[in-house]
Each structure stands twice: as structure tokens, then as C-alpha cells.
Amino acid sequence: MRIEPLPIPTRLLGGEVVNSYAGRHARNNGLRTDEIEQALRETDQFPRSKGKRHPERLAAWRALGGLHERAFTEPQAVHGNWVIERPLCSRCVPRPEEGTGRLPWVGWVCLKHKRWTRGDQQVDLAGFGAALVAERHWRGTLRGRGIVVDSPLLLLAEECATVGLSKATLKERAERVRHPSPGLLVYPETVKITRLLTRTSFLDSVLSEAPSRWKRAMVEREVSAILPDSPDAESWRALARIWDMVLDLQDVLRDARWLGHEPSDRWNVLRYSRLAQAQDGRVSSVDQMM
């Protein structure tokens with residue numbers, strides 16, 4: 001028996017997960033999700049499994065909403081990094097509803113409504129244009145490199161920006177948004193550092209056979225360009241964290257060469273390095289879900 005769409009249609013939002021859409025679609029039709037699923041289960045049109053991403057459950061809600069086959073197919077992981085479910089922009093979702101989605105192609109900013117979407121309270125960014133520019137750079141560069149929010153590399157970049165930026169800079173930015181949060185205030189530098197750490201030329205330089213003193217000086221120069229020094233800034237803390245990552249990558253490649261196995265890249269960035277690919281030809285992504 002074919003499942004027919006419910007009478008009142010509900011628009012699927014980009015990246016929205018099945019639980020979010022099912023709840024909104026059921027409410028729009030004056031019903032509850034469990035009522036609909038139980039009715040279908042009694043006619044053997046719904047899976048007995050309780051798994052929210054069971055293929056038959058996804059297919060049933062596509063049919064109930066009259067949705068295309070690509071609905072609810074966003075990846076759960078990209079290059080080993082978990083794609084988290086997170087709140088959608090509160091202005092993208094019809095009020096007073098809420099929605100959650102899996103959005104591997106965007107950062108923490110909704111460019112359409114100029115909103116910071118991370119955390120419990122979403123923030124208007126009309127007074128903080130640097131965050132909007134950073135999001136455009138994310139989508140123009142990092143999306144193509146497979147970087148997702150909450151990945152270890154991005155968290156490292158955010159930590160570097162947090163400890164390296166001037167306190168005066170952070171205070172000035174906090175005055176430009178209504179509800180400042182640590183991640184928001186350092187977002188421009190977070191994106192810049194992430195772009196640096198995934199740049200092929202940068203990785204090839206730090207993984208080359210060049211003297212260590214030269215490589216550290218190069219890293220320091222790149223970090224200083226992103227986090228300018230000032231009386232109350234401590235960019236050396238950011239440099240120390242990035243240099244530790246560089247040493248870790250060097251050890252990974254050295255061990256792989258000596259032991260004759262694939263480099264196990266916990267930062268999942270060696271795939272951007274031509275040097276690393278040429279050395280082994282295979283670079284395995286580490287599953288960050290573990």
C-alpha cells in the first residue's frame with residue numbers, strides 16, 4: 001500500500017533531519033509524530049525498528065511530506081569528522097517552530113539572516129561584519145576542503161584564536177554584538193587559522209626536509225599575520241599550539257615511512273599535502289566519532 005502525503009504540506013529546510021521535520025509536519029496537520037508512526041506500523045507500512053535513521057522510516061516520512069529522494073541524506077561524517085546535528089537559524093524556521101539539521105557545507109553563520117547559530121542563544125551579526133566575511137571565506141574555501149564544525153582541527157584553530165587575540169580586541173568586539181560568546185568573538189581568526197592549516201603550500205613547507213628553525217620561523221610569520229602582536233596579546237600561545245600540531249604531523253609521516261604503513265592522521269589534514277601523498281600514496285582519515 002502506498003503512503004500518501006498528509007493534507008497540509010510542510011517545507012523541508014536545508015539539511016533538516018528527519019526527527020525535526022517529522023515533528024513540524026505532524027503538528028502542522030494537528031497530529032503527533034508517534035500517532036502517525038503507530039498508525040502506519042499497524043498497517044505494516046512502517047518499520048518496527050526504533051532507529052530514527054532506519055531507511056524505511058526515512059522513506060515513509062519522505063512520502064508523508066511529498067519530498068524528493070535526497071531528503072534526509074546529509075552525511076553523518078566527512079573525512080572521519082562527525083557532522084553534528086545543530087539548531088537551524090531561528091529565522092529560517094517558521095515561527096514559533098524550531099528545527100535541527102546536519103549542515104556539513106556551512107559554518108556557524110546564517111548569511112541570509114546574518115545570524116550566529118551556535119549555542120543556546122542566536123545572535124544578530126549586523127554590527128559584526130567580520131564574522132559574515134569569515135563565513136563567506138568558509139563556504140568559499142573550507143567547504144571544498146571538507147572541514148566541518150566541531151572537527152578537531154577547527155577546535156584547535158578556535159583555541160589558538162582565543163589565547164592569541166588581544167583582550168582589547170575581544171572587548172571591542174563584545175560591545176558590537178548583543179549577546180557575545182567566546183566562539184563568536186574569535187570566529188574571523190578561527191576561519192583564517194583553519195584555512196592556513198589546510199593550505200597545501202603550508203603543509204608541504206612544514207613537512208619538508210627544510211631545517212626546523214626555518215620551518216618554525218615560517219609558522220611564526222604566518223601566525224603573526226593572522227594574530228598581530230600587541231601589548232596585551234599573547235600570540236606566542238597560538239604559535240606553540242600550531243607548532244605542536246606540526247611536530248605531531250612530522251612524527252606521523254616519519255613513523256609511517258619507517259614502519260611501512262599508512263599515516264594515521266588524527267587531524268585529518270594530510271590529504272591536503274602533496275608531499276604526504278607522494279610519500280605514501282595513501283593517507284587514512286581517523287574516525288573522530290570514536
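Hydrogens, waters and symmetry mates play no part in the numbers below; they use all other heavy atoms, side chains included.
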For [Y], does its backbone N or O pair with a side-chain atom of [X] as donor and acceptor, under 3.5 Å?
X: Gln121; Y: Ser181; answer: no
X: Thr141; Y: Trp138; answer: no
X: Arg176; Y: Phe128; answer: no
X: Ser151; Y: Ile147; answer: no
X: Thr169; Y: Leu165; answer: no
X: His113; Y: Arg115; answer: no
X: Asp204; Y: Arg274; answer: yes
X: Ser20; Y: Glu16; answer: no
X: Thr73; Y: Arg70; answer: yes
X: His25; Y: Leu64; answer: yes

Under a 4.5 Å side-chain heavy-atom rule over Ile, Leu, Val, Met, Phe, Trp and Tyr, are [X] and [Y] clustered together?
X: Ile242; Y: Ile226; result: yes
X: Leu185; Y: Val123; result: yes
X: Trp108; Y: Val177; result: yes
X: Leu111; Y: Val93; result: no
X: Leu154; Y: Trp267; result: yes

Checking side-chain contact (heavy atoms from CB on, under 4.5 Å) for the pair Leu270/Leu207: CA distance, chi angles, key distance, verdict?
CA-CA 10 Å; Leu270 288 179; Leu207 296 175; 3.7 Å; yes

What are the two closest heavy atoms between [X] and [Y], and how far apart are they?
X: Arg173; Y: Pro188; result: NH1-CD, 4.1 Å
X: Ser212; Y: Trp243; result: OG-CZ2, 3.6 Å
X: Arg241; Y: Cys160; result: CB-SG, 3.7 Å
X: Ala157; Y: Thr190; result: CB-O, 3.5 Å
X: Ala71; Y: Leu12; result: CB-CD2, 3.6 Å

A quick test of your reading: do over 12 heavy atoms of other residues, nucleotides or ligands sit less than 6.0 Å from CD of Gln38?
yes

What do you reckon, is NZ of Lys171 surrounded by more than 12 foreign heavy atoms closer than 6.0 Å?
no

To the nearest 0.5 Å, how far apart are SG in Cys110 and CG in Leu125?
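These two atoms lie 9.5 Å from each other.
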
Spacing of Glu69 atom CD and Leu58 atom CG [to the nearest 0.5 Å]:
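Glu69 CD to Leu58 CG: 10.5 Å, rounded to 0.5 Å.
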
Report yes or no: do [X] and [Y] form a side-chain donor-acceptor pair below 3.5 Å?
X: Glu74; Y: Trp105; answer: no
X: Ser90; Y: Gln122; answer: yes
X: Thr198; Y: Arg145; answer: yes

Going by salt bridge (Lys or Arg N to Asp or Glu O under 4.0 Å), Glu222 matches just one of Lys215, Arg199, Lys192, Arg195. Which one?
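So, applying the salt bridge (Lys or Arg N to Asp or Glu O under 4.0 Å) to Glu222 and each of Lys215, Arg199, Lys192, Arg195, only Arg199 qualifies.
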
Pairing of Glu4 and Arg2 as salt bridge, 4.0 angstrom limit
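Salt bridge between Glu4 and Arg2, a charged N being under 4.0 Å from a carboxylate O: yes.
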
Hey, are Glu135 and Arg118 close enough for a salt bridge, meaning a charged N less than 4.0 Å from a carboxylate O?
no

I want to know whether Tyr187 and Trp116 have ring centres closer than 6.0 Å.
yes

Consider side chain to side chain donor-acceptor pair (under 3.5 Å). Of Arg53, Arg57, Lys52, which one does Asn19 pass it with?
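Of the listed residues Arg53, Arg57, Lys52, the side chain to side chain donor-acceptor pair (under 3.5 Å) partner of Asn19 is Arg57.
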
Decide salt bridge (Lys or Arg N to Asp or Glu O under 4.0 Å) for Arg86 and Glu98; before the verdict, give the C-alpha distance in whole Å, the side-chain angles of both, and the deciding distance to 0.1 Å.
CA-CA 11 Å; Arg86 47 181 166 140; Glu98 296 179 349; over 6 Å; no

Applying side-chain contact (heavy atoms from CB on, under 4.5 Å) to Leu88 and Leu103, what does each step give before you reach the verdict?
CA-CA 9 Å; Leu88 300 173; Leu103 308 169; 3.9 Å; yes

Test item: [X] and [Y] side chains (from C-beta on) under 4.5 Å apart, heavy atoms:
X: Met218; Y: Phe202; result: yes
X: Gln250; Y: Leu247; result: yes
X: Glu37; Y: Trp61; result: yes
X: Ile193; Y: Leu156; result: no
X: Arg24; Y: Leu13; result: yes
X: Pro152; Y: Asn81; result: yes
X: Val269; Y: Leu153; result: yes
X: Leu249; Y: Leu203; result: yes

Run His137 and Leu142 through side-chain contact (heavy atoms from CB on, under 4.5 Å) and show every step you take.
CA-CA 7 Å; His137 286 162; Leu142 297 183; over 6 Å; no

Where do Ser273 and Thr200 land on the side-chain contact (heavy atoms from CB on, under 4.5 Å) test, with the steps shown first?
CA-CA 5 Å; Ser273 169; Thr200 297; 5.8 Å; no

List the steps, then state whether salt bridge (Lys or Arg N to Asp or Glu O under 4.0 Å) holds for Asp251 with Arg254.
CA-CA 5 Å; Asp251 288 344; Arg254 185 180 301 112; 2.8 Å; yes

